[in-house]
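Basis for what follows: all heavy atoms, side chains included, without hydrogens, waters or symmetry-related copies. All figures in this text were calculated on a predicted structure; none of them were measured in a lab.
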Amino acid sequence: MTTEKKIAEVVGLDVGTSRIVGAVKCGSEDAIVDSQLNAFVSLPHTKLTGQSLEREGIPHHVSGDQIVVFGNESARMADLLGREIRRPMTRGMLNSQEAESHQQIEAIIRAVLGEYTASETKVCFSVPAPPLGGEDGLTYHEATLRQILEQLGYKDIRSVNEGVAVIYSELEESNFTGIGVSCGGGLCNVAVAYMSVPVVTFSVAKGGDFIDSGAASVTGELVNRVRILKEESFHFNGHFSDKVQQALTVYYDDMISAIVQGLRDSFGTSKSVPKFGRALPLVLSGGGVLPEGFRDRFEKALKTVSLPVQISEVRLARQPLEATARGALMAALSE
Ligand SMILES: Nc1ncnc2c1ncn2[C@@H]1O[C@H](COP(=O)(O)OP(=O)(O)OP(=O)(O)O)[C@@H](O)[C@H]1O
Ligand SMILES: [Mg+2]
């Protein structure tokens with residue numbers, strides 16, 4: 001019996017600072033979502049290490065006298081070896097300080113998509129909005145990602161703004177009218193759309209990495225340690241017998257307040273904000289929204305600013321870690 005390998009016609013790709021997520025669509029079946037950590041670590045190359053990694057099926061490749069382990073396993077490997085992971089992206093864009101960023105990101109994308117795609121697969125990848133008040137490295141980031149995807153053999157490549165992708169994935173019931181927020185590792189991306197047309201998009205240069213390094217610096221803990229504690233046990237409204245929890249709350253509040261103020265300011269300055277004539281739903285996605293109590297905290301912060309539109313509800317995305325990739329897939333399917 002031969003099992004035919006399925007090749008996707010369309011994929012949505014979320015190229016995030018923290019993780020690369022692919023939403024793959026083959027025929028009429030539901031999308032398959034797969035992800036890898038956007039990180040790598042290099043080890044000295046020995047035949048034995050190579051064979052062990054091969055046997056365990058751990059994504060890696062040989063580069064000179066080094067073996068590079070990339071994706072999900074890189075974090076554990078780095079932890080075992082007492083090293084920091086290296087990251088191809090920082091603050092939502094390619095990391096110019098990391099010489100190997102292009103090569104490694106290409107390998108990670110191949111690990112996420114390779115099995116399901118061929119050169120005729122249509123790819124739509126996410127790009128962040130320019131940071132509020134920051135300089136614009138976005139043109140370079142987007143053009144380089146496009147080159148990397150071309151290098152991988154894809155021919156039909158397009159991009160979608162991350163906040164808009166969240167709206168595509170989560171706000172169908174409101175006819176793609178509303179506010180999409182993605183709280184990621186590097187950035188928080190925000191988009192406001194009216195019937196799927198973006199009217200405001202921006203990003204805030206504060207995300208999970210900012211929270212982790214802030215809390216690490218005031219507690220004297222390692223950044224990676226803080227990140228693990230945050231992901232495993234942090235929640236809002238706790239009692240702060242624990243210094244790390246207390247510091248995490250401070251930096252989380254700072255991030256939330258930057259998003260809410262960003263919304264107020266961009267509504268204030270944008271000439272193109274239509275008279276919506278209805279209250280807008282706001283949907284929260286990205287790994288940063290996962291701690292218990294986040295939604296309530298965000299809603300409370302939102303009530304402290306006055307916006308020129310009413311908010312009908314604040315809710316979490318159905319799958320916060322998948323919303324951008326699923327939205328990018330929707331964008332590709334709708335073209
Ligand atoms: N269970 C969890 N609780 C709290 N935080 C979490 C949890 N899981 C992941 N995170 C945090 O979410 C962030 C990553 O989110 P996400 O995968 O959405 O980012 P990204 O899309 O890769 O980054 P960006 O969009 O900024 O480029 C990290 O800061 C990570 O520590
Ligand atoms: Mg993201």
Got a sec: does the [atom1] of [X] have more than 12 other heavy atoms crowding it under 6.0 Å?
{"X": "Arg315", "atom1": "CZ", "answer": "yes"}
{"X": "Gln310", "atom1": "CD", "answer": "no"}
{"X": "Arg225", "atom1": "CZ", "answer": "no"}
{"X": "Arg91", "atom1": "CZ", "answer": "no"}
{"X": "Glu173", "atom1": "CD", "answer": "yes"}

Among Ile109, Val15, Val11, side chain to side chain contact (heavy atoms under 4.5 Å, CB included) partner for Phe125: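 Looking at Ile109, Val15, Val11, the match for Phe125 under the side chain to side chain contact (heavy atoms under 4.5 Å, CB included) is Val15.
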Side chain to side chain contact (heavy atoms under 4.5 Å, CB included) test vs Ser266 passes for just one of Val200, Val199, Val190, namely Val200
Side-chain contact test, heavy atoms from C-beta onward, threshold under 4.5 Å: evaluate it for [X] versus [Y] and give yes or no.
{"X": "Leu149", "Y": "Arg158", "result": "no"}
{"X": "Pro59", "Y": "Val69", "result": "no"}
{"X": "Asp212", "Y": "Lys230", "result": "yes"}
{"X": "Glu150", "Y": "Ile157", "result": "yes"}
{"X": "Leu280", "Y": "Val192", "result": "yes"}
{"X": "Phe40", "Y": "Pro88", "result": "yes"}
{"X": "Arg295", "Y": "Glu299", "result": "yes"}
{"X": "Gln36", "Y": "Arg19", "result": "no"}

List the atom of [X], the atom of [Y], and the distance in Å for their closest heavy-atom pair.
{"X": "Val160", "Y": "Ala165", "result": "CG1-CB, 4.1 Å"}
{"X": "Gly286", "Y": "Leu321", "result": "C-CD2, 4.4 Å"}
{"X": "Gly71", "Y": "Ser74", "result": "O-OG, 2.6 Å"}
{"X": "Pro291", "Y": "Gly287", "result": "CD-O, 4.3 Å"}
{"X": "Gly22", "Y": "Leu113", "result": "CA-CD2, 4.1 Å"}
{"X": "Phe176", "Y": "Tyr168", "result": "CE2-O, 3.4 Å"}

Given the rule that I, L, V, M, F, W and Y join up when any side-chain heavy atoms are under 4.5 Å apart, are [X] and [Y] in one cluster?
{"X": "Leu48", "Y": "Val62", "result": "no"}
{"X": "Val260", "Y": "Leu187", "result": "no"}
{"X": "Ile67", "Y": "Leu37", "result": "no"}
{"X": "Val164", "Y": "Phe267", "result": "no"}
{"X": "Leu284", "Y": "Val305", "result": "yes"}

Could you tell me whether the side chains of Tyr154 and Thr117 share a donor-acceptor contact shorter than 3.5 Å?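 Checked: Tyr154/Thr117 side chains pair up, N/O donor to acceptor below 3.5 Å.
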Does Glu9 come within less than 4.0 Å of Lys122, counting only side-chain N to carboxylate O?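 Salt bridge absent between Glu9 and Lys122.
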Lys/Arg-Asp/Glu bridge criterion (N-O < 4.0 Å) met for Asp14, Arg326: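 Salt bridge: no.
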Counting distance only, does the side-chain N/O of [X] pair as donor-acceptor with the main-chain N or O of [Y] below 3.5 Å?
{"X": "Thr17", "Y": "Gly92", "value": "yes"}
{"X": "Ser126", "Y": "Asn161", "value": "no"}
{"X": "Asp156", "Y": "Thr121", "value": "no"}
{"X": "Asn38", "Y": "Gly16", "value": "yes"}
{"X": "Ser63", "Y": "Gln66", "value": "no"}
{"X": "His60", "Y": "Ile58", "value": "yes"}
{"X": "Asn95", "Y": "Gln97", "value": "yes"}
{"X": "Glu170", "Y": "Arg318", "value": "yes"}
{"X": "Arg86", "Y": "Ser42", "value": "no"}
{"X": "His141", "Y": "Leu94", "value": "yes"}

Quick one: do Ile311 and Ile179 satisfy side-chain contact (heavy atoms from CB on, under 4.5 Å)? Show the steps, please. CA-CA 9 Å; Ile311 304 295; Ile179 306 175; 3.7 Å; yes
Could you grab the distance from atom [atom1] of [X] to atom [atom2] of [Y], nearest 0.5 Å is fine?
{"X": "Met330", "Y": "Ser169", "atom1": "CE", "atom2": "OG", "result": "7.5 Å"}
{"X": "Ile148", "Y": "Leu152", "atom1": "CD1", "atom2": "CG", "result": "8.0 Å"}
{"X": "Ile108", "Y": "Met89", "atom1": "CD1", "atom2": "CE", "result": "10.5 Å"}
{"X": "Ile211", "Y": "Cys183", "atom1": "CD1", "atom2": "SG", "result": "8.0 Å"}
{"X": "Leu307", "Y": "Leu302", "atom1": "CG", "atom2": "CG", "result": "5.5 Å"}
{"X": "Ser233", "Y": "Asp242", "atom1": "OG", "atom2": "CG", "result": "7.5 Å"}

Applying salt bridge (Lys or Arg N to Asp or Glu O under 4.0 Å), run through Lys155 and Glu120 and close with a yes or a no. CA-CA 7 Å; Lys155 296 188 191 76; Glu120 63 271 22; over 6 Å; no
Aromatic rings Tyr140 and His102: how do their planes relate, parallel, tilted or perpendicular, breaks at 30° and 60°? tilted
Assign the ring pair Phe70 / His61 to parallel, tilted or perpendicular, where the plane angle (0 to 90°) is split at 30° and 60°.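 Tilted: the ring planes of Phe70 and His61 meet at 30° to 60°.
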Does Thr49 form a side chain to side chain donor-acceptor pair (under 3.5 Å) with Thr46? I'd like the steps, not just the answer. CA-CA 5 Å; Thr49 314; Thr46 69; 2.6 Å; yes
Check against side-chain contact (heavy atoms from CB on, under 4.5 Å), Asp265 and Phe202: CA-CA 11 Å; Asp265 295 348; Phe202 66 90; over 6 Å; no
Test log, rule side-chain contact (heavy atoms from CB on, under 4.5 Å), inputs Leu53 and Met77: CA-CA 11 Å; Leu53 293 170; Met77 197 63 84; 3.7 Å; yes
Looking at Phe236 versus Tyr252, is the centre-to-centre ring distance below 6.0 Å?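 That pair passes the under 6.0 Å test.
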Verdict with supporting geometry, Val289 and Phe298, side-chain contact (heavy atoms from CB on, under 4.5 Å): CA-CA 9 Å; Val289 311; Phe298 191 94; over 6 Å; no
